[in-house]
Number of protein chains: 2
Amino acid sequence: MKRINLKELANLLNLSTSSVSKALRDSHEISEETKKKVREFAVKHNYSPNPYATSLRKKKSKTIAVILPEVADNYFSLAINGIQKVAEARGYHLLIYLSHEKYSIEKAVLEECSNGRVDGVLISISSETTDHSHLQKLVNENIPLVFFDRAPEDFNASKVITNDYDCGYFTAMHLIEDGCTNPVFLSMSSALPICHRRAEGFKAAVLATGIASDPNKLVHYCDGTEEESMKKIQELFESKNRPDGVVASVERLAIQTYMVAQESEINIPKEVKVIAFSTLETAPILNPPLSTITQPAYDTGTKAAELLFQRIEKPLQYTQPECVVLPSIFMERKSCIPKSHFS
Amino acid sequence: MKRINLKELANLLNLSTSSVSKALRDSHEISEETKKKVREFAVKHNYSPNPYATSLRKKKSKTIAVILPEVADNYFSLAINGIQKVAEARGYHLLIYLSHEKYSIEKAVLEECSNGRVDGVLISISSETTDHSHLQKLVNENIPLVFFDRAPEDFNASKVITNDYDCGYFTAMHLIEDGCTNPVFLSMSSALPICHRRAEGFKAAVLATGIASDPNKLVHYCDGTEEESMKKIQELFESKNRPDGVVASVERLAIQTYMVAQESEINIPKEVKVIAFSTLETAPILNPPLSTITQPAYDTGTKAAELLFQRIEKPLQYTQPECVVLPSIFMERKSCIPKSHFS
DNA sequence: ACAAATAACGAAATCGATTTCTTAAATTAT
DNA sequence: ATAATTTAAGAAATCGATTTCGTTATTTGT
């Protein structure tokens, strides 16, 4: 069975391609009678227009690109769900690209996005990204671009983020109120704005309470491979002044902290209290249940997609970049209960 | 800054579009000197061909569709990673569609795939899918199709699956050896072949040992919403002959089993032992650590993608459907240790 | 009743590339 | 020195739709 195209359809109907095309798009130039005939015939022959021919002519692809650092993180899975929902409702297609946290890949992918393949781009930048020229290039070519979650600090484009600084501040305060005197923050990258903002909030809180022995040792960077990162946490836990509170800036670091604690038989929360920025579904059934700053992943996805589609479909109406801040929520669980509550 | 196209490039170079096109594709019809000039000029002006014009002409989109039931499940995230790696290496683009476990959506998406938008399709079918006409339609239109993980039983196409029956058998045997006398299997759908095969293996093992009081109560179906499913597990745990062993056929059911047990203060593994088909990263740090049948998600993704690309790029060479079975591996953890091992 | 307007359709241009078919000049062969 | 071949390039067709611009009939207006 071969697919039928417009020309063949027109021949079989003894009409011109233009008339058939117009009939299918319900043009007033075609009589109701003819339209009906054409529509029925098209359905019968299972006709559907070639999307690339249409894209070429209309200069619209009805496709957007979603560029993520990775897809294994629960946060991004949930965000994709949100994006997909909005895209599907509007009849858009989703191209997914993974940067694997590499600037070079991110750059190459963005090049691919500026040749008309997509009508817009949703992106969460890689942890390596500090230079923004590749992003600026896209903006210069007038392709709508919206950041979600991970957005550059100093780039003038729409974004949907969460209240990172405040949450960072909150986590430190909470740990300190629970009795921690030596809390640390595990960051995955000094370059990554979200980690940076969370860390800044954290530091501000610790410094405000005046309990910090060495302000330069409040934030630890676990970049590198998974193994390197595990090792770093291990060393931290074996060091002389072992922290009694840990804030994990991303899901992966929370898991690794638990793994190390389990291996080294360090009790959470008795010896170390833990709070993680994470959307882990299994947080309540971990050992012990993990306190989380839960980011609104799904809503961030839908909101970012909505911003993007506004800019794609009404570019003249929405010219100014918009920054939406969706608050994260704290879910207190046993990994950070105060000492007085131990049973 | 406007994007430049072939025609403009040709005008600026005082050449014809055909010559420029040939030059860029390194045709022998063009002199080395001209080629060099064209290439340099193209780079300088940041030229890259419009993909849809190329697709239209070449009748190749360099794009494949990946159709998944959902993306929140860790298994699918890992599979996407594998698929993406292979696709990227070959210069293919990835369109992602979610069926949300609905047959109607799956069908609509497949319609979209048969109009030339994609060169091939990778699919894991929805739990509702029993009819295969929508799949057959695609095959009839000569679009390569490869199943991964969730494949229909009786459909003649390539697929990459795992040894579900054997693993189902194994889980039952293991629970029984650990002292369970009333193990049950939680299936998410009677229609879903992977669940069915896993359940069949499970049943066969239980029946072989002759411990089953009622062979019809070995498999419980947790379809429906998350709430309904939770309720069903809850009822099961509150029932007169509460199971002392549970096999969760998918990740979600494992999480729900843990949630219910935690709420009802039922001790795992003392009162109920649990084994789950799952690729949960957090399995080792759950309370208690969860024994899993871990499917080779990433490898399934890469293998399925490779099969698909073979069929896309060498359709004459690969005509017969191929079925690849990648074994899952059992990771024993505390959720199913025998009674004698309790400390 | 005759000009103006409308209805219904077709021819041809267009989107941006690729590819086949020509053509003119340069080179080789005899 | 003339025919045959090769080289390097351009003209035009093509992919499959959409859209602009014409072109007939037919209807409406006065």
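Quick note: numbers below take in every heavy atom, side chains included, and nothing from hydrogens, waters or symmetry partners. Chain A is the first sequence line, chain B the second, and so forth, proteins listed ahead of strands; every chain is numbered from 1.
Considering only side-chain N and O atoms, B:K58 lies nowhere under 4.0 angstrom from the phosphate OP1 or OP2 of C:dT19. The side chain of A:Y47 places an N or O atom within less than 4.0 Å of a non-bridging phosphate oxygen (OP1 or OP2) of D:dA17. The phosphate of C:dA17 has neither OP1 nor OP2 within less than 4.0 Å of any side-chain N or O from B:N50.
Here B:Y47 and B:F41 keep their ring centres 6.0 angstrom or further from each other.
In this structure a side-chain-to-backbone donor-acceptor pair under 3.5 Å is present from B:T54 to B:N50.
Base engagement by B:S21 is indicated by at least one non-hydrogen atom pair under 4.0 Å involving a base atom. Within 4.0 Å (heavy atoms only), B:N14 reaches sugar-phosphate atoms of the nucleic acid but no base atom. Across all strands shown, B:S31 has heavy atoms under 4.0 Å from sugar-phosphate atoms exclusively, and none from any base. Among the atoms of the strands shown, only primed sugar atoms or phosphate atoms (P, OP1, OP2) are found under 4.0 Å from some heavy atom of A:T34.
Judged by atom type and distance alone, B:E29 reaches the base of D:dA9 through a side-chain donor-acceptor pair under 3.5 Å. Under 3.5 Å, the side chain of A:S16 and the base of C:dA11 form no donor-acceptor pair of N or O atoms.
Heavy-atom neighbours of B:K102 NZ from other residues, nucleotides or ligands within 6.0 Å: at or below the threshold of 12.
C:dA11 atom C1' lies 14 Å from atom CG of A:L15, rounded to whole Å. Summarising the geometry, the separation between OH on A:Y52 and P on D:dC15 is reported as 19 Å, rounded to the nearest angstrom. Atom CG of A:D26 and atom P of D:dT19 are 14 Å apart (whole Å). In this structure, A:E33 places its CD atom 11 Å from C1' of C:dA8, rounding to the nearest Å. Between B:R3 atom CZ and C:dC15 atom P the separation is 15 Å, expressed in whole Å. For the pair A:H28 NE2 and D:dT19 C1', the computed distance is 12 Å after rounding to whole Å. One interatomic measurement links the two molecules: CG of A:L9 to C1' of C:dG10, which rounds to 16 Å at whole-angstrom precision. To the nearest angstrom, P of C:dT19 lies 12 Å from CG of B:L6.
Each of B:K59 and B:S18 lies near DNA chain D, and the nucleotide nearest B:S18 is the one positioned closer to the 5' end. The 5' end of DNA chain D is approached more closely, in terms of each residue's nearest nucleotide, by B:T17 than by the other of B:A53 and B:T17.
Axis deviation across the helix from C:dA1-D:dT30 to C:dT30-D:dA1 amounts to 50°, comparing end segments of five pairs, rounded to 10 degrees.
Of the candidate nucleotides D:dC15, C:dC9, C:dT18, C:dC9 has the atom nearest to the side chain of A:I30. Picking from C:dC21, D:dA17, D:dT20 the nucleotide with the shortest atom distance to the side chain of A:K22 gives D:dT20. Among C:dC15, C:dT19, D:dA17, the nucleotide with an atom closest to any side-chain atom of B:R57 is C:dT19. Relative to the side chain of B:T54, the nucleotides C:dG10, D:dT18, C:dA17 differ in distance, and C:dA17 lies closest.
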Begin with the C-alpha distance, continue with both residues' side-chain angles, and end with the deciding distance and a verdict on salt bridge (Lys or Arg N to Asp or Glu O under 4.0 Å) for A:D149 and A:K159.
-> CA-CA 8 Å; A:D149 195 44; A:K159 51 189 164 184; over 6 Å; no

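With no hydrogens or angles considered, a side-chain donor-acceptor pair links B:Q84 and A:H100 at under 3.5 Å. Under 3.5 Å, the side chains of B:T129 and B:E106 contain a donor-acceptor pair of N or O atoms. B:E101 and B:S127 are linked by a side-chain donor-acceptor pair at a separation below 3.5 angstrom, with hydrogens and angles left out of the test.
In this structure, NZ on A:K62 lies 4.5 Å from OH on A:Y92, to the nearest 0.5 angstrom.
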